Engineer: 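Below is one structure. I have some questions about it.
Residue numbering restarts at 1 for every chain, and letters A, B, ... go by the order of the sequence lines. None of the values given here were measured: they were computed from a predicted structure.
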Amino acid sequence: MRAAQFFISTLKEAPAEAELPSHKLMLRAGLIKRLASGLYSWMPMGLRVLRKVEAVVREEMNRAGSVELLMPSVQPAELWQESGRWEFYGKELLRIKDRHERDFCYGPTHEEVVTDIVRKEINSYKQLPKNFFQIQTKFRDEVRPRFGVMRAREFVMKDAYSFHTDFDSLVDTYNGMYQAYCNVFTRLGLKFRAVAADTGSIGGTGSHEFQVLADSGEDLIAYCPDSDYAANIELAEALAPAAPRAAAAAAMKTVSTPNVKTIAQLVDFLKVDIRQTVKAVVVESDSDEPVLMLVRGDHELNEVKAEKIAGIKKPLTMATPAAIRDAFGAQPGSLGPVGFKGRVIADRTVAAMADMVAGANRDDEHLTGVNFGRDCAEPEVADIRNVVAGDPSPCGKGALALCRGIEVGHVFQLRTKYAEPLGCNYLDRDGKLKPMEMGCYGIGVSRIVGAAIEQGHDERGIIFTDAMAPFTVVIVPMGYGRSELVREAADKLHDELAALGIDVLLDDRDERPGVLLADSELLGIPHRVVIGERGLKEGKVEYQGRRDDGATPVELTGIVAHLQSRMAC
RNA sequence: CGGGGCGUAGCGCAGUCUGGUAGCGCACCUGGUUUGGGACCAGGUGGUCGUGAGUUCGAAUCCCACCGCCCCGACCA
């Protein structure tokens, strides 16, 4: 490909709307162009990257035995009403009407459609298992789109759905997909981690997220450096303290704490160790009675864990100030377990505390020396907090560490969540009708591009791996328009590489050398050959890998072999 | 939805407080000089100053409403 014929539109300055390095670089390199909030055009250069990612995903899916199809983006409301999600999916579902005022949605995911296909096409255990996938544009009406293609409203996703007679078969395919995903992300050169994830309201028995490690990620991951344990913080288990609760040593005392509303203020005011304090959070339950949740002062309530507890209202809802005053007789800031008649759920850590500092349920007063079983009833105990760095790992092998990640894939055991309401059944060996077991497997194809740049960039621009780069090799001629010698050598090399099937860009634009060199680096093309009269007179050109510090002179006659050897690794 | 910020040429910005002929840099076009790290000189193209309604002799500037974008939070998964 020749640059003059292609389309390169780079910017020196990033548009002000971009915050993340990856977003800025994608705009500067002209990979994408914003149309509206969360809506991006993939420009020719960016589309080449997207297609490279798709190609790797498609290959690995095929290799893993999944079969490609393509379903419509627009889906009839009836199917969603059948599964119950027309009501429950919420505002993220973009609903539209056709000219006959019939309801449709723009598909955010395709469980309903694929299940509809399968229930009509597959009737027998002999046809199972089957695994279908597609690579397609999805739309989710995000509350707050941000970070460019990382959280866009319209995006490209690979979604796969598997159907099975039984759970063992599902697990088998699930494991196959898990491996395929590892292959995809490894081939793309991403630093990633598969982490156990919350199954959320979907239920089921297993779910793993594939997280690209990046400080700018929106997800928090807890992992054990000494084992392969890793989980989303929503799920990561906080173990009970090893030591049993100490005996009560102090008498309970009331202390006046005027205008002390937060734990930080409390610690400062009373000069106590934050680990002696207890934080009170009041949430709504399925009945009218609010429930008191207690976590240690320096810990945070984990909402996903909290709402899984029986009787707690889903989604987790904080009690209103009025309800709190009714139930406790005090305002938030002075709440605690002593004297509260309702349900109390203490985090495992809190359950092992003695001589606690807690709110007195009277405004501007706290209690010190509070002990369960003596000053108030023993609470229910549950794991309701976020793990923190240094917590013992649930695997038993060390301490947890935290890092951030960008979710680029997830695999899910759906079980019969969709098969049952949609009547996706098969006849088994005994002629009995049974619902199919299902799995679903997603990869955020367009998000991968952003995530990869988040991991691969420097002050000069993007650093793509060979697998993702829009072009594998860029030829930068010094004076293409002026020097016949340079032009001939550049043209010849371009044609040779192209004939070998290598994605090569010959930058024949009539620009100064500095512009060409800077653009090649901004675009992140992994291998660069600079051809100039100076070198050609000695029969040499220069090779420089995108990560290399400087250029290496290479014999013109040997440059193709040199490139091939560099590309191999 | 709450809080904050911003909308002036394709991009980055000044001008708004204190109303008086719409500016700068980059990009783009023409000519010339240049040519191994984002050139220089000269001349140009391009803007209903987000939209609408007001105040005023006169509004980018003041008032009101709306729209859009960004950040933080909430919500969602």
Engineer: Among the candidates B:G37, B:C11, B:G38, find the nucleotide nearest to the side-chain atoms of A:Leu517.
Structural biologist: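 Of B:G37, B:C11, B:G38, B:G37 is nearest to the side chain of A:Leu517.
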Engineer: With a 3.5 Å cut-off and no angle check, do the side chains of A:Tyr106 and A:Arg153 form a donor-acceptor pair?
Structural biologist: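 Not at all, the side chains of A:Tyr106 and A:Arg153 share no donor-acceptor pair under 3.5 Å.
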Engineer: What is the distance, rounded to the nearest whole Å, between atom CD1 of A:Ile8 and atom C1' of B:A27?
Structural biologist: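 After rounding, the gap between these two atoms is 15 Å.
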Engineer: What is the ring orientation for A:Trp80 with A:Tyr89, classed by angle as parallel under 30°, tilted 30 to 60°, or perpendicular over 60°?
Structural biologist: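 Ring orientation of A:Trp80 relative to A:Tyr89: perpendicular.
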Engineer: Taking atom P of B:A77 as reference, at what distance in whole Å does atom CZ of A:Arg85 sit?
Structural biologist: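 Those two atoms, CZ and P, are 11 Å apart.
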Engineer: Answer with base, sugar-phosphate or nothing: what part of the nucleic acid does A:Glu234 contact at a heavy-atom distance below 4.0 Å?
Structural biologist: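 The residue A:Glu234 makes base contact.
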Engineer: Tell me which of A:Thr10 and A:Ala14 sits closer to the 5' end of RNA chain B, going by the nucleotide each one is nearest to.
Structural biologist: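 Residue closer to the 5' terminus by nearest nucleotide: A:Ala14.
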Engineer: Rounded off to whole Å, could you give me the CE-to-P distance for the A:Met157 and B:A77 pair?
Structural biologist: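 From A:Met157 CE to B:A77 P: 16 Å.
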Engineer: Indicate yes or no: at least one non-hydrogen side-chain atom of A:Asp116 is less than 4.5 angstrom from one of A:Glu82.
Structural biologist: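 Result no, sub-4.5 Å side-chain heavy-atom pair not found.
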Engineer: Taking the P atom of each, how far is B:G58 from B:A22, in whole Å?
Structural biologist: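 Comparing P positions in B:G58 and B:A22 gives a spacing of 16 Å.
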Engineer: Do A:Tyr480 and A:Asp491 have a side chain donor and acceptor closer than 3.5 Å?
Structural biologist: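 Judged by distance alone, the side chains do pair up.
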Engineer: Check the phosphate of B:A39 against A:Arg512, side-chain N and O only, distance under 4.0 Å to OP1 or OP2. Yes or no?
Structural biologist: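 Yes, because at least one side-chain N or O of A:Arg512 sits under 4.0 Å from OP1 or OP2 of B:A39.
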Engineer: Rounded to whole angstrom, note down the C1' distance from B:G50 over to B:G38.
Structural biologist: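 After rounding to an integer number of Å, I get 32 Å for this pair.
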Engineer: Can you tell me the Watson-Crick or wobble partner of B:U61, both distances under 3.5 angstrom?
Structural biologist: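 Per the H-bond distance test, none.
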Engineer: With both distances kept under 3.5 Å, what pairs with B:G19, Watson-Crick or G-U wobble?
Structural biologist: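 With both distances under 3.5 Å required, B:G19 matches none.
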Engineer: Does the A:Gln455 side chain pair with the main chain of A:Leu190, one donor and one acceptor, at a distance under 3.5 Å?
Structural biologist: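 Pair absent, no side-chain N/O of A:Gln455 close to backbone of A:Leu190.
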Engineer: Does any nucleotide pair with B:G7 by Watson-Crick or G-U wobble geometry, both distances under 3.5 Å, and what is it?
Structural biologist: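 With both distances under 3.5 Å, B:G7 matches B:C67.
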Engineer: Could you encode protein contacts along nucleotides 70-76 of chain B as a string, one character per nucleotide from 5' to 3', using B for base contact, S for sugar-phosphate-only contact and - for no contact, with a heavy-atom cut-off of under 4.0 Å?
Structural biologist: SSB-BBB
Engineer: How about A:Glu111 and A:Cys440: do any of their side-chain heavy atoms sit closer than 4.5 Å?
Structural biologist: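 Yes, close enough: below the 4.5 Å cut-off.
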Engineer: Between P on B:A77 and NZ on A:Lys91, what's the gap in Å once rounded to a whole number?
Structural biologist: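 Going from NZ in A:Lys91 over to P in B:A77 covers 13 Å.
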Engineer: Applying a 3.5 Å limit to both distances, which nucleotide forms a Watson-Crick or G-U wobble pair with B:C75?
Structural biologist: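 B:C75 is unpaired by these criteria.
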Engineer: Rounding to the closest angstrom, what is the interatomic distance between B:U51 and B:A60 at atom C1'?
Structural biologist: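 Nearest-Å result for B:U51 against B:A60 at atom C1': 14 Å.
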Engineer: Taking a pair as Watson-Crick or G-U wobble with both distances under 3.5 Å, which nucleotide is matched to B:C24?
Structural biologist: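 Per the H-bond distance test, B:G12.
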Engineer: Are A:Arg385 and A:Asn302 close enough, and set up right, to give a side chain to side chain contact (heavy atoms under 4.5 Å, CB included), and what steps lead you there?
Structural biologist: CA-CA 5 Å; A:Arg385 70 171 172 94; A:Asn302 179 311; 5.5 Å; no
Engineer: From CD of A:Glu13 over to P of B:C11, roughly how many Å is that when rounded to an integer?
Structural biologist: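 Between P of B:C11 and CD of A:Glu13: 12 Å.
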Engineer: In a check of side chain to side chain contact (heavy atoms under 4.5 Å, CB included) between A:Glu511 and each of A:Leu516, A:Asp519, A:Ile8, which one passes?
Structural biologist: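 Passing option: A:Leu516.
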Engineer: Would you kindly give the CE-to-C1' distance between A:Met26 and B:C11, to the nearest whole Å?
Structural biologist: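 It is 18 Å, rounded to the nearest whole Å.
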Engineer: Rounded to whole angstrom, note down the C1' distance from B:G19 over to B:C49.
Structural biologist: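 After rounding to an integer number of Å, I get 15 Å for this pair.
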Engineer: Mind checking the C1' distance from B:C17 to B:A59? Whole angstroms is fine.
Structural biologist: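 That atom pair is separated by 15 Å.
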Engineer: Looking at B:A53, which nucleotide sits across from it as a Watson-Crick or G-U wobble partner, both distances under 3.5 angstrom, or is there none?
Structural biologist: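 Partner of B:A53: none.
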Engineer: Under the 3.5 Å rule, do the base of B:G38 and the side chain of A:Arg28 count as making a donor-acceptor pair?
Structural biologist: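 Check passes, donor-acceptor contact within cut-off.
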Engineer: Which base sits across from B:G43 as a Watson-Crick or G-U pair, both distances under 3.5 Å?
Structural biologist: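 Paired with B:G43, as far as the under-3.5 Å criterion goes, is B:C29.
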Engineer: How long is the line joining CD of A:Glu521 and P of B:G36, in whole Å?
Structural biologist: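 Checked: the CD to P distance equals 16 Å.
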Engineer: Any chance the side chains of A:Arg528 and A:Gln544 put a donor and an acceptor closer than 3.5 Å?
Structural biologist: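 A pair is found: one side chain offers a donor N or O, the other an acceptor, under 3.5 Å apart.
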Engineer: With the threshold set at 4.0 Å, does a side-chain nitrogen-carboxylate oxygen contact exist between A:Glu218 and A:Arg146?
Structural biologist: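 A:Arg146 and A:Glu218: salt-bridged.
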Engineer: Which value, in whole Å, describes the distance between the C1' atoms of nucleotides B:A65 and B:U55?
Structural biologist: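 Taking atom C1' in both B:A65 and B:U55, they lie 15 Å apart.
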Engineer: Considering Watson-Crick and G-U wobble pairs with both distances under 3.5 Å, what does B:U35 pair with?
Structural biologist: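 Its partner is none (no Watson-Crick or G-U wobble pair with both distances under 3.5 Å).
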Engineer: With rounding to the closest Å, how many angstrom separate the P atoms on B:C62 and B:G20?
Structural biologist: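 That atom pair is separated by 11 Å.
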Engineer: Does anything in residues 528-551 of chain A reach RNA chain B, meaning a heavy atom under 4.0 Å, and if so which residues?
Structural biologist: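 Of all residues in residues 528-551 of chain A, the ones placing a heavy atom under 4.0 Å from RNA chain B are A:Arg528, A:Val530, A:Gly532, A:Arg534, A:Gly535, A:Glu542.
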Engineer: Expressed in angstrom and rounded to an integer, what is the separation of A:Lys308 atom NZ from B:A77 atom P?
Structural biologist: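 That distance rounds to 14 Å.
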Engineer: By the side chain to side chain donor-acceptor pair (under 3.5 Å) test, which pairs, at least two apart or in different chains, include something from residues 437-451 of chain A?
Structural biologist: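 Listed once each, the pairs are A:Ser162-A:Tyr441, A:Arg415-A:Glu437.
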Engineer: Would a line drawn from the ring center of A:Tyr174 to the ring center of A:Phe412 be shorter than 6.0 Å?
Structural biologist: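 No, the ring of A:Tyr174 stays outside the 6.0 Å limit from the ring of A:Phe412, centre to centre.
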